[in-house]
Asker: 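Structure provided below as structure tokens; questions to follow.
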Amino acid sequence: MGRNEVFPAGSDASGLHRRDIPLHVAMLSHLLIAWDRKRWLTDPLKVRLPAFVCSCASWLAGLVIALPYPIYTTFLDLEPYLPGFAGVGICAVNLVDDMQEYMRGLFVIM
């Protein structure tokens with residue numbers, strides 16, 4: 001096991017945001033279910049939203065939320081600094097770009 005299976009040598013952090021999309025979709029699905037049930041309890045005669053629309057909306061919103069991750073993530077290969085760590089790297093927040101706008105937008109959306 002001489003290589004890192006999570007971050008293979010030569011990889012970057014651009015594909016890591018794909019792991020977070022299902023997390024956001026699950027969270028948004030729970031929010032939509034709770035909102036729909038509250039809406040139905042408040043007014044039972046009101047037409048409910050179709051499940052397909054809620055599903056598509058939560059997947060689209062999850063994708064949009066996770067899309068900027070690669071912009072604010074940097075992959076740092078440790079091999080030049082530590083020769084024993086060939087093919088091992090870490091992902092860190094890119095502090096060069098201003099992340100406040102992204103976080104503020106997420107706060108307003110959620």
Side-chain angles (χ1 to χ4, degrees):
M1 188 178 268
R3 64 184 186 94
N4 188 351
E5 281 79 18
V6 178
F7 307 117
S11 71
D12 62 339
S14 63
L16 297 177
H17 70 283
R18 284 183 253 140
R19 296 180 189 163
D20 292 334
I21 294 172
L23 174 76
H24 293 299
V25 169
M27 178 191 61
L28 291 169
S29 296
H30 283 100
L31 285 172
L32 280 171
I33 290 169
W35 176 73
D36 186 48
R37 288 183 180 175
K38 184 224 176 256
R39 194 176 134 215
W40 183 74
L41 287 172
T42 306
D43 189 6
L45 299 176
K46 196 178 257 189
V47 177
R48 298 178 81 172
L49 289 174
F52 179 75
V53 172
C54 292
S55 175
C56 289
S58 63
W59 274 101
L60 183 64
L63 182 68
V64 168
I65 289 171
L67 203 56
Y69 280 11
I71 297 170
Y72 299 109
T73 307
T74 301
F75 181 77
L76 178 65
D77 190 17
L78 295 178
E79 186 176 7
Y81 308 107
L82 302 167
F85 287 91
V88 177
I90 58 172
C91 288
V93 175
N94 184 3
L95 297 177
V96 175
D97 296 328
D98 189 19
M99 196 172 187
Q100 289 179 352
E101 295 173 11
Y102 173 66
M103 294 305 287
R104 191 175 300 128
L106 278 182
F107 181 76
V108 169
I109 290 171
M110 296 297 159

Asker: Name all residues meeting the salt bridge (charged side-chain N to carboxylate O under 4.0 Å, His left out) criterion together with Arg37; count only those two or more places apart in sequence or in a different chain, and write none if there are none.
Answerer: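 Residues passing salt bridge (charged side-chain N to carboxylate O under 4.0 Å, His left out) with Arg37: none at all.
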
Asker: Are Leu63 and Trp59 linked, directly or through other ILVMFWY residues, by side chains that come within less than 4.5 angstrom of each other?
Answerer: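 Linked, Leu63 and Trp59 end up in one cluster.
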
Asker: Can you tell me which residue pairs pass the salt bridge (charged side-chain N to carboxylate O under 4.0 Å, His left out) test with a partner in residues 49-76, sequence neighbours excluded?
Answerer: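 Every candidate salt bridge (charged side-chain N to carboxylate O under 4.0 Å, His left out) pair involving residues 49-76 fails, so no pair, neighbours aside, qualifies.
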
Asker: Looking at side-chain heavy atoms only, is the closest gap between Leu76 and Tyr81 below 4.5 Å?
Answerer: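 In short, these two side chains touch, coming nearer than 4.5 Å.
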
Asker: For the pair Ser55 (side chain) and Ala51 (backbone), establish whether a donor and an acceptor sit closer than 3.5 Å, ignoring hydrogens and angles.
Answerer: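 Checked: no pair found.
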
Asker: Residues two or more places apart in sequence or in another chain: which of them pass side-chain contact (heavy atoms from CB on, under 4.5 Å) with Leu49?
Answerer: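 With sequence neighbours excluded, Leu49 shows a side-chain contact (heavy atoms from CB on, under 4.5 Å) to Trp35, Arg39, Cys54, given in chain and number order.
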
Asker: Give me the atom names and distance for the closest heavy-atom approach of His24 to Gly62.
Answerer: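 Shortest heavy-atom contact: CB-CA, 3.9 Å.
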
Asker: Answer with yes or no whether the hydrophobic clustering places Leu82 together with Ile90; edges join I, L, V, M, F, W, Y residues whose side-chain heavy atoms lie under 4.5 Å apart.
Answerer: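 Looking at the clustering, Ile90 is in the same group as Leu82.
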
Asker: Evaluate the side-chain proximity of Ile65 to Leu28: yes if any heavy-atom separation is below 4.5 Å, no if none is.
Answerer: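 Side chain of Leu28 against side chain of Ile65, heavy atoms only: contact under 4.5 Å found.
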
Asker: Hey, could you give me each pair passing salt bridge (charged side-chain N to carboxylate O under 4.0 Å, His left out) that has a residue in residues 80-92? Not counting sequence neighbours.
Answerer: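 Non-adjacent pairs meeting salt bridge (charged side-chain N to carboxylate O under 4.0 Å, His left out): zero.
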
Asker: Considering only residues two or more places apart or on different chains, which pairs with a residue in residues 45-54 satisfy side-chain hydrogen bond (donor to acceptor under 3.5 Å, both in side chains)?
Answerer: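 Of all non-adjacent pairs touching residues 45-54, those that pass side-chain hydrogen bond (donor to acceptor under 3.5 Å, both in side chains) are Asp36-Arg48.
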
Asker: Identify, with sequence neighbours excluded, every residue that meets side-chain contact (heavy atoms from CB on, under 4.5 Å) alongside Ser29.
Answerer: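 Expected list: Val25, Ser58.
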
